[in-house]
Every structure is written in structure tokens, then in C-alpha cells.
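Notes follow once the structure below has been shown.
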Protein chains: 2
Amino acid sequence: MSDTYLPPDERSTGRALRLLAAADHAALGTLAGGDPLVTRVECLWLAGRGLGLLLSDLADHARALEADARASVLVGSVTSGPPMAAARLTLTGEAWPIDKRAERDTWLAAHPRAAVYFDFADFRMRLLAPASALLNAGFGRAYRLGPADLGCGT
Amino acid sequence: MSDTYLPPDERSTGRALRLLAAADHAALGTLAGGDPLVTRVECLWLAGRGLGLLLSDLADHARALEADARASVLVGSVTSGPPMAAARLTLTGEAWPIDKRAERDTWLAAHPRAAVYFDFADFRMRLLAPASALLNAGFGRAYRLGPADLGCGT
């Protein structure tokens with residue numbers, strides 16, 4: 001069957017990057033004992049690298065990623081209007097640990113409330129490096145993107 | 001390690017059911033060739049049964065569920081205030097096909113805009129019967145629920 005997703009163009013890649021830059025939270029999909037698990041996490045787009053995720057060790061998703069780094073995230077808020085018409089972006093890839101201390105200033109500038117828990121020992125950071133992406137910009141306007149379209153090296 | 005999620009009580013189960021009743025869209029987690037995939041879908045809580053999902057065959061998540069019915073959904077909108085303080089609910093279970101025609105009136109009453117595409121041949125319905133659930137009602141208030149807490153038989 002032919003792919004029903006469109007190839008990216010300048011407009012769709014711009015839209016995807018704006019969704020990522022605006023995202024302060026994401027729906028994170030992990031594998032919990034092999035089963036899908038979707039939870040909300042705090043995030044920040046780290047341009048050229050991927051999506052930073054700040055995670056508590058106490059949450060099921062942290063245990064899931066410890067066992068299997070494969071992950072997917074959905075970003076794009078539904079603010080007003082019909083939710084299925086609101087643009088959203090899916091990233092898929094692997095989310096590996098990074099040193100949160102190196103991202104501290106950037107993170108707290110974007111997430112001032114995170115100052116309350118950022119330094120807690122049970123909070124760790126991972127970077128989801130996108131291997132592929134799906135942009136849905138509304139009915140019949142779905143695009144399949146690669147990491148280079150999002151400015152990420154491979 | 002002991003479970004860091006609280007057992008449910010009357011207040012948390014009520015909160016969970018209100019989140020489900022209010023949900024018109026969800027972040028759906030599926031297994032796409034074994035990898036996590038999170039996408040936005042239209043949904044409707046079918047009390048006592050589970051979460052109805054209206055899916056197009058053209059989307060990657062439909063192909064994923066065709067191969068493996070295991071799924072998870074995240075519901076709970078971020079309207080105002082900090083997103084990580086906004087209550088949300090995760091369901092995990094299996095999403096099996098149901099006859100969309102039997103749900104047509106209920107669905108269109110809740111989703112009037114779906115009249116445009118509900119009858120399209122590529123749109124099919126699945127029911128995610130929850131096997132377990134996680135309610136996050138804000139920092140430090142996470143609960144692990146079972147299907148009976150959501151009024152669903154086992």
C-alpha cells in the first residue's frame with residue numbers, strides 16, 4: 001500500500017518546528033514490560049538535538065525507559081476549536097539519559113516553576129533524538145518527516 | 001521497591017471518571033512494528049465498557065492496532081495553568097474492533113463534527129477496555145486504579 005502521508009515541504013517543516021518550540025509538555029509513549037504506556041511529561045525542544053524530557057524516577061515511565069529506551073512523544077496543544085483539526089506532531093526514536101545540570105539554565109528559563117523540583121535527586125533528564133516524525137496539520141494534511149527536516153543530525 | 005502510586009479512594013475514582021467523561025480526544029499509544037507510537041485520536045467514554053476510539057485505516061496507528069491490539073491512552077486537557085499540575089488519566093489495555101454503526105447516535109451526539117467522516121469506509125471503531133489506569137492529579141498525587149474502579153467489568 002502506498003504511504004498516505006505527504007512528503008515534507010518548507011511549510012510543513014516550519015509548522016513542525018514551531019510546534020516543538022512551543023511545547024512545554026508532551027504525551028510520552030514508552031514500553032512498560034512491553035506494553036504501551038502514555039503519560040504526560042515536561043519537555044523542552046533542544047534545537048539540533050531533540051526533545052529534552054524531565055522525568056521522575058518514581059513514575060512508571062522512568063522505569064520503562066530504564067529497561068527500553070524506545071519512545072514516542074506527541075506535542076501540540078488543543079487550545080480552542082475542534083481537537084482533531086489542531087496541528088500536532090509525533091516524534092519517535094530513543095530517549096537516552098543526558099546530564100540535566102548542563103541544561104539547567106535553559107530549562108529553568110523555559111520552565112520557571114521547575115525550579116521547585118529540578119534539583120531533586122529523583123529527577124533525571126533524557127533526550128529523545130527523533131528518528132522519524134509525523135505532522136498532522138488537520139484533516140487530510142498528514143506529513144512524514146525525517147530527522148534532517150527537524151534540523152537534527154543522523 | 002514499593003509502589004509510589006496511591007491506592008484509589010472515592011475522590012480519585014470520581015476524578016478519573018470525570019476526566020474520561022469529558023474527553024473528546026486522547027493521545028493514543030500503540031506498537032508500530034514493536035516501537036512506541038503516540039498519536040491524537042477522537043474518543044468517547046462508553047460507560048461500563050471502555051474508551052471508544054474512531055480511527056482511520058489510513059493512519060499509522062490503525063495499522064499498528066491491526067497487528068497488535070495492545071494500547072494506552074492519555075486523557076485530560078491542559079486548559080489553563082501549569083500543564084504538569086493539570087489532572088490526567090492513563091488507561092492501558094487492549095483495543096479491539098467494535099461495530100461503529102451501533103454507536104452512531106451516541107457518537108454524533110457527543111461529536112457533531114464527526115458527521116462529516118463517521119460513515120467513511122476507512123473509519124472504524126475500537127474499544128479500549130481498561131486493564132489498569134494511572135490518575136495523576138498533580139504533584140505527589142498519583143493513583144493506580146483497576147478496571148472496577150472505573151465501573152468496567154473484568
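We name chains A, B, ... by the order of the sequence lines, and we start the count at 1 in each one. Worth knowing before you read on, the calculation uses all heavy atoms, side chains too, and leaves out hydrogens, waters and symmetry mates.
With salt bridges taken as basic N to acidic carboxylate O contacts below 4.0 Å, none links A:D119 and A:K100. A salt bridge does not link A:R126 with A:E94: every distance from a Lys NZ or Arg NE/NH1/NH2 to an Asp or Glu carboxylate oxygen is 4.0 Å or more. A salt bridge links A:D68 and A:R70; the closest N-O separation between the charged side-chain nitrogens and carboxylate oxygens is under 4.0 Å.
For A:L28, the part lying under 4.5 angstrom from a heavy atom of chain B is the backbone only. For A:A59, the parts lying under 4.5 angstrom from a heavy atom of chain B are both the backbone and the side chain. With a 4.5 angstrom heavy-atom cutoff, A:R40 touches chain B via backbone and side-chain atoms both. Heavy atoms of A:A142 lying under 4.5 Å from chain B are absent altogether. Looking at B:A32, there are no atoms closer than 4.5 Å to chain A (heavy atoms on both sides), in backbone or side chain.
A side-chain donor-acceptor contact under 3.5 Å links A:D122 and A:S56.
Smallest separation of non-hydrogen atoms from A:L58 and B:Y5: O-CE1, 4.0 Å.
Taking B:H111, B:E42, B:H25 one by one and counting their heavy-atom pairs under 4.5 Å with chain A, the maximum is reached by B:H25. Between chain B and the residues A:T30, A:V78, A:T92, the most heavy-atom pairs under 4.5 angstrom are made by A:V78. Note on A:D35, A:T39, A:D60, A:D24: by heavy-atom pairs under 4.5 Å with chain B, the leading option is A:D60. The most heavy-atom pairs under 4.5 Å with chain B, out of A:L89, A:L74, A:V73, A:T79, come from A:L74. Among the candidates A:S80, A:G76, A:P82, A:P36, the residue making the largest number of heavy-atom pairs closer than 4.5 Å to chain B is A:P36.
B:M84 shares a hydrophobic cluster with no other residue; no ILVMFWY side chain has heavy atoms under 4.5 Å from its own.
Side-chain contact between A:T90 and B:H61: absent, with no pair of heavy atoms (C-beta onward) separated by less than 4.5 Å.
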